[in-house]
2 protein chains.
Amino acid sequence: MASRPTLKTIADQVGVTVSAVSLALRDDPRISQATRERIQQAAQVLGYVYNRHAAGLRRGDSGTVAVCLNDLSNPFFTEFLGHMEARFREADRMMLFCHAHETPSIQARFIRQMAEHGAAGLILVPVAGTTREDLDGPQVKHLQDFPLVLISRDVADTGFDRVINDDVLGIRLLFEHLYEAGHRRFAWLGGGGDTSTARDRESSFRQQMDAVGLPVTSDSIHHGPTTLDFGDSMLKQLLAMPEPPTAIICFSDIIAFGVLAACYRHGVRPGVDISVTGFDDMAAAAYSAPALTSVRVRTDLIGQCASELLLSRMAGERYPPVRKVVPPELVVRASTGPAA
Amino acid sequence: MASRPTLKTIADQVGVTVSAVSLALRDDPRISQATRERIQQAAQVLGYVYNRHAAGLRRGDSGTVAVCLNDLSNPFFTEFLGHMEARFREADRMMLFCHAHETPSIQARFIRQMAEHGAAGLILVPVAGTTREDLDGPQVKHLQDFPLVLISRDVADTGFDRVINDDVLGIRLLFEHLYEAGHRRFAWLGGGGDTSTARDRESSFRQQMDAVGLPVTSDSIHHGPTTLDFGDSMLKQLLAMPEPPTAIICFSDIIAFGVLAACYRHGVRPGVDISVTGFDDMAAAAYSAPALTSVRVRTDLIGQCASELLLSRMAGERYPPVRKVVPPELVVRASTGPAA
DNA sequence: TTACATAGTTCAATCGATTGAATAAATGCA
DNA sequence: TGCATTTATTCAATCGATTGAACTATGTAA
């Protein structure tokens, strides 16, 4: 019956004006200690709930942060989500969340909606194929000068802050590890999507092959989605080749797990008969059978760095766009070994 | 420089009043086709962005939905998140997201904040140990009569809607499968937390043991966190027992994966030397080495049902609190086999 | 005592969209 | 032509918090 108490309710109760209540509740020193306490007390008793719509309307934004990801089924991305959520919670920011499923229209809609909500900043793993135009074009005026940090995937020529993994380095580390172990027949699996991640990792692989004088043929490059199933089904195909690869470099851990599962069924021993590597080093990599050699992407550093950057932009800091590249680390486990 | 256009900006441009613009943009039939089009056109050109603070202030709520989970590192929960996100997106609802990390204070704060934001509904996986008081007590007045659906974990005696998995049935299916395969020495791993899930699964295990006349001793029950590491480290301990179990029933897939990893290292063959079962049937269960026998929790059905329920409550539907229990399915794979 | 600073509080305008009531204009009908 | 009805639009109040300016007691210095 009694609708939600407002500043007015409290003001009447205590015998002051709404202004006094507003100031008191935000601990403004202009209000005396004594009244402030009486007001806060009354708010407590009445079960007052702050109305952010009213505040946001007056102040212009809600302080909310928006986050948009593309693949919730990949723990790699939920790790990001976790790290950023923690930082934003610490800064007392609420989070609007969107799962864009690699769908440009969903991403576009979310960007519009978060603007409607008066979000104060946006963290985005851009949908595959996102262009400068999508973020910087005329139909997204609200993103001009808007705090926006891109993570994980880069979009060229944007004036936005970006925090990404050094994918080129990651593949180099894996390749050198395998090359030094004597491997000469390599296969690359994955990364079909139109993302900087896919491009950079694959081109780094090609570059490494070039550097040691190995030819890159259609037998060495295989595109497919980032799924367990892709890795699983590819193994059979690779083994059926006249000269099967001795080392399989996968675009991500997920694909590598699929390969390991197929190895198990085919009685092929990863790390002995064949070497398999992942990328991302998600938690499960240490516990697969066998444990997976991978490249640890520092989701913690990237997530922290991105949220820090966003918060500083939200605080009004002005500096040229930052492009931060975080180096990953090689983690050698049992899925790789010397070439047979 | 030019600040965001408002209804007024458009009104001036077109030569009508804000009321007309407001109505036109929401396709109200009161405004003629012709003016409506001119207005919508102008809005487009000016790059108008709807201000939900203003609308929310006037209307009383923002239509936003709040979702609070506890373990992002567990794909089981992110599956829920995905299913619900999809349904809410379809209903054009934005999602406020919180990761409570099993921490009551975070959960409590989120509940307050989502109320401040004028969220219209809440989906909650209650933090372990959440009581009726936490959701129904005097300090959360705003939850009285508020659309709230609990998922996955039950909280007794609340007047809220709940959608949960039939954990008792799930364990029964696994137990019967193993018992019929000849197993008589069972170990239960996991579920240390104070949740209905942990309680129901464990008590179902005890019940099954009772039913077939097997004693439950301290050797058969082992509590620990839902982590890969717990499963991994427990295996060694179990094998060291004078009469090791032939079947290990894990609280969740995560723990089972840890057990499988340890099996691999110890040269124990799951499905042959020992049987291991998970619970949840997350995507990776089909691809572990060996593939994991598990119980498929219908995160899709639960997620859909919960979002549907919430949306109907948000639409004002009144009916007694619903407690929906969704039956899971047994999925037999290679990690279980006849008792040695 | 007068003038003045200071602390504490109130005034009143403001943010932008919504909506029921009011008005104006156009149409139908006898 | 006059009156009722429908259609199109405007009026004006409203939601609740914020904030710079204004006011009112006090205390303080000259």
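Only heavy atoms go into these numbers, but all of them, side chains included; no hydrogens, no water, no symmetry mates. We name chains A, B, ... by the order of the sequence lines, and we start the count at 1 in each one.
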When every non-hydrogen atom of Ile151(A) is compared with those of Pro126(A), the smallest separation belongs to O-CD, 3.9 Å
Ile39(A) CD1 to dT10(C) C1', in whole Å, measures 12 Å
Separation of dT9(D) atom C1' from Ile31(B) atom CD1, nearest Å, is 6 Å
Closest to the side chain of Leu57(B), out of dA17(C), dA17(D), dC15(D), is dC15(D)
Considering only heavy side-chain atoms of Leu7(B), the closest of dT18(D), dT9(C), dA17(C) is dA17(C)
Separation between CZ (Phe76(B)) and CG (Leu81(B)), nearest 0.5 Å, reads 12.5 Å
Expected list for residues 15-26 of chain A near DNA chain D, using heavy atoms below 4.0 Å, is Ser19(A), Ser22(A), Leu23(A), Arg26(A)
List the atom pairs, donor and acceptor, that lie under 3.5 Å between side-chain atoms in residues 63-70 of chain B and the rest of the protein, sequence neighbours left out.
unit_1, atom_1, unit_2, atom_2, d
Thr64(B), OG1, Ser62(B), OG, 2.9
Asn70(B), OD1, Glu102(B), N, 2.8
Asn70(B), ND2, Val125(B), O, 2.7

Rounded to whole Å, the CD-P distance (Glu116(B) to dC15(D)) equals 20 Å
Between the OG1 atom in Thr195(B) and the CZ atom in Arg153(B), the distance rounded to the nearest 0.5 Å is 5.0 Å
Record whether the side chain of Arg58(B) comes under 3.5 Å of the base of dT14(D) through a donor-acceptor pair of N or O atoms. yes
Overall bend of the helix from dT1(C)-dA30(D) to dA30(C)-dT1(D) (five pairs an end, 10° steps) is 50°
Indicate yes or no for a side-chain donor-acceptor contact from His99(A) to the backbone of Glu85(B) under 3.5 Å, with no hydrogens or angles considered. no
Residue set satisfying side chain to side chain contact (heavy atoms under 4.5 Å, CB included) with Asp12(B), at least two apart, ordered chain then number -> Lys8(B)
Greater than 12 external heavy atoms within 6.0 Å of Asp145(B)'s CG: no
Note to self: Looking at Arg26(B) and Asp28(B), is there a salt bridge between them, counting it only when a charged N and a carboxylate O are closer than 4.0 Å?
What the structure shows: no
Exercise for review: Give one of base, sugar-phosphate or nothing for Arg30(B), where a contact means two heavy atoms less than 4.0 Å apart.
Suggested key: base
Separation of dA12(C) atom C1' from Lys8(A) atom NZ, nearest Å, is 15 Å
Exercise. Give a yes or no answer on whether the side chain of His53(B) reaches the backbone of His117(A) with a donor-acceptor pair at less than 3.5 Å.
Key: yes
In whole angstroms, the gap separating P of dT9(C) from CD1 of Ile10(A) amounts to 16 Å
Below 3.5 Å, can you tabulate the donor-acceptor pairs from side chains in residues 306-314 of chain B to any protein atom, sequence neighbours excluded?
unit_1, atom_1, unit_2, atom_2, d
Ser307(B), OG, Gly303(B), O, 2.4
Ser307(B), OG, Gln304(B), O, 3.3
Glu308(B), OE1, Arg87(B), NE, 2.8
Glu308(B), OE2, Arg87(B), NE, 3.2
Glu308(B), OE2, Arg87(B), NH2, 2.8
Ser312(B), OG, Leu309(B), O, 3.2
Ser312(B), OG, Tyr319(B), OH, 2.4
Arg313(B), NE, Asp161(B), OD2, 2.6
Arg313(B), NH1, Tyr319(B), O, 2.9
Arg313(B), NH2, Asp161(B), OD1, 2.8
Arg313(B), NH2, Asp161(B), OD2, 3.3
Arg313(B), NH2, Tyr319(B), O, 3.0
Arg313(B), NH2, Pro320(B), O, 3.3

Gln33(B) atom CD is separated from dA8(D) atom P, nearest whole Å, by 10 Å
query: Any side-chain N or O of Ser32(B) less than 4.0 Å from the OP1 or OP2 oxygen of dT9(D)?
result: yes
A correct 5'-to-3' footprint of nucleotides 22-27 of chain C, with B, S and - meaning base, sugar-phosphate only and no protein heavy atom under 4.0 Å, is ------
Rounded to whole Å, CG of Asp12(B) lies from P of dT10(D) at a distance of 12 Å
Checking the side chain of Asp154(B) only, and the main-chain atoms of Ala156(B) only, is there a donor and an acceptor separated by less than 3.5 Å?
no
In whole angstroms, the gap separating P of dA17(D) from CG of Asn51(A) amounts to 6 Å
Side chains of Gln41(A) and Glu37(A): is there a donor and an acceptor less than 3.5 Å apart? no
